[in-house]
Amino acid sequence: MTEATLAIANADEILALFGPRDQHLRKLKRLFDVSITQRDGQIRIAGDEERVQNATRTLERMRQISRKKGGLSGDDVDGAASEHGGNVGGAVPRVKAEAIDIQHAGRQIKPRTPGQAVYVDTIRKYDLTFAAGPAGCGKTYLAVAMAVEALRAGQVRKIVLVRPAVEAGESLGFLPGDLRAKLNPYLRPLMDALGEMIDYDQARALMEQDVIEVIPLAYMRGRTLNDAFIILDEAQNTTVAQMKMFLTRMGEQSKMVVSGDTSQQDLPKGITSGLSDAIHRLSHIEGIGSLRLRETDIVRHKLVQRIVNAYDTHQHE
């Protein structure tokens, strides 16, 4: 059993953090499975060490938001919990691993880890979701599955799959072949994910009808996408300016998922990643979900998780 304390400035701040009829407090207790009490100007958090640390960080983030906005909404609490619930070594909020409404080749698609369940739940809740995490934790696959589900349910009219091509600069001219041949290697991971959910002939027909687009990031400039499910993959390789351009393409009744692995950035030295910047800059905005998946969410071959851990352990050697 571990205990942490958080000093509170005044009674009004406690009321803001705990919420109307203590609804924020009850949510935090449920998400992190900890005891939270208040006495003598301090909030006390007790329970498992990792869960206490995670809940304390969430409360600190809630306090920052409350001081800036003058109050807290339920979405603010959800965002703060999601932001810190995925930290390495932290507790993952308990979310039911609800299956995605896709059946393909007799196989049902659903989250396979607690972190993936949080990811899917966050996409369902928010119009814009940022997800960072290592390779193999299902960032792209689950986002594409959610897009296909939304299309089939009539929630959106089209799917747009976007990826930076040839690192961040998108210099395609030196590659052989026409535009399709140049882009194919960089868009293939998105096509592979799509191919596991839609038959080849159907996918080709939807692409010919412009219901599904698979395009490089540079081709997003100047567009406004309404009634669309838009996914930006490998977002760690965008610049801050590119990320701003992409995010401002969002139109009415649209949903965006932005994912990437901040440990595999290919930008030139000294260039800030648009993904890292956006997570830091926008995480406090109501209506935006943000989370970090972990090595424990990797669902590829069992060796992949060990490889990621080895590189993370020795990255400074």
Side-chain angles (χ1 to χ4, degrees), residues 27 30-32 54 58 74-75 77-88 90-105 107-156 159-162 189-190 192-198 212 228-235 250 253-261 275 278-279 282-283 286-300 304-305:
K27 177 178 286 188
R30 183 178 72 254
L31 288 176
F32 299 109
N54 214 39
T58 299
D75 284 345
V77 178
D78 289 341
S82 295
E83 181 180 349
H84 293 289
N87 285 347
V88 174
V92 177
R94 296 177 177 178
V95 176
K96 182 180 179 182
E98 182 179 349
I100 300 169
D101 189 16
I102 296 177
Q103 292 276 352
H104 186 63
R107 185 167 58 90
Q108 188 177 53
I109 297 173
K110 64 180 182 179
R112 294 170 57 184
T113 71
Q116 289 188 350
V118 173
Y119 181 36
V120 168
D121 187 61
T122 302
I123 294 173
R124 291 193 194 280
K125 286 182 178 179
Y126 297 100
D127 288 338
L128 173 58
T129 297
F130 291 101
C137 61
K139 302 184 301 296
T140 302
Y141 186 82
L142 290 173
V144 172
M146 293 293 289
V148 172
E149 179 189 64
L151 181 67
R152 288 180 174 175
Q155 297 169 359
V156 297
I159 297 172
V160 183
L161 308 175
V162 186
L190 292 168
D192 288 345
L194 187 65
E196 292 198 28
M197 300 161 203
I198 300 179
I212 296 178
F229 197 118
I230 312 150
I231 298 170
L232 175 59
D233 189 42
E234 296 292 325
M250 190 177 189
Q253 306 301 316
S254 287
K255 186 180 284 283
M256 275 186 172
V257 178
V258 179
S259 67
D261 180 358
L275 177 61
I279 290 173
L282 305 177
S283 61
E286 186 172 352
I288 295 178
S290 178
L291 75 156
R292 183 172 297 278
L293 295 164
R294 304 182 288 173
E295 287 80 2
T296 52
D297 295 308
I298 294 174
V299 292
R300 291 180 181 171
V304 175
Q305 191 174 120

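If you read the sequence from its start, that first residue is 1, and numbering goes on from there. Owing to the predicted nature of the structure, the values given are computational and were not obtained by experimental measurement.
The CD1 atom of I100 sits 7.5 Å away from the CE atom of M197 when rounded to the nearest 0.5 Å. If you take CG on L142 and CG on D297, they are separated by 10.0 Å, rounding to the nearest 0.5 Å. In this structure, the separation between CG on L128 and OG on S254 is 11.5 Å, given to the nearest 0.5 Å. With rounding to the nearest 0.5 angstrom, the OG1 atom of T122 is 13.0 Å from the CD1 atom of I288. A distance of 4.5 Å separates CG of D127 from CE of M250, quoted to the nearest 0.5 Å. Rounding to the nearest 0.5 angstrom, the gap separating the CD1 atom in I279 from the CZ atom in F130 is 7.0 Å.
The two residues A117 and P111 come nearest to each other via the heavy atoms N-CB, 3.5 Å. A pairwise comparison of heavy atoms in P134 and L293 identifies CD-O, 3.5 Å as the closest pair. Counting all heavy atoms, side chain and backbone alike, K255 lies closest to R124 at NZ-O, 3.7 Å. I159 and L161 get closest at one heavy-atom pair: CG2-CD2, 3.6 Å. In terms of heavy-atom proximity, V258 sits nearest to L275 at CG1-CD1, 4.0 Å. Across every non-hydrogen atom of D261 and A135, the tightest pair is OD2-N, 3.6 Å.
Panel note: side chain K139, backbone A132; no donor-acceptor pair is recorded below 3.5 Å. Using a distance-only test at 3.5 Å, with no hydrogens or angles considered, a donor-acceptor pair links the side chain of Q116 to the main chain of C137.
Summarising the local packing, CD of E286 is surrounded by more than 12 heavy atoms from other residues, nucleotides or ligands at distances under 6.0 Å.
The shortest side-chain heavy-atom distance between L232 and M256 does not fall under the 4.5 Å cut-off.
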Give the C-alpha distance, both sets of side-chain angles, the deciding distance and a yes or no for side chain to side chain contact (heavy atoms under 4.5 Å, CB included) between T129 and L291.
CA-CA 8 Å; T129 297; L291 75 156; 4.0 Å; yes
For I198 and R152, what are the C-alpha separation, side-chain angles and deciding distance, and is it a side chain to side chain contact (heavy atoms under 4.5 Å, CB included)?
CA-CA 11 Å; I198 300 179; R152 288 180 174 175; 4.0 Å; yes
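A search for side chain to side chain contact (heavy atoms under 4.5 Å, CB included) contacts involving A143 returns Y119, I231, V257, not counting sequence neighbours.
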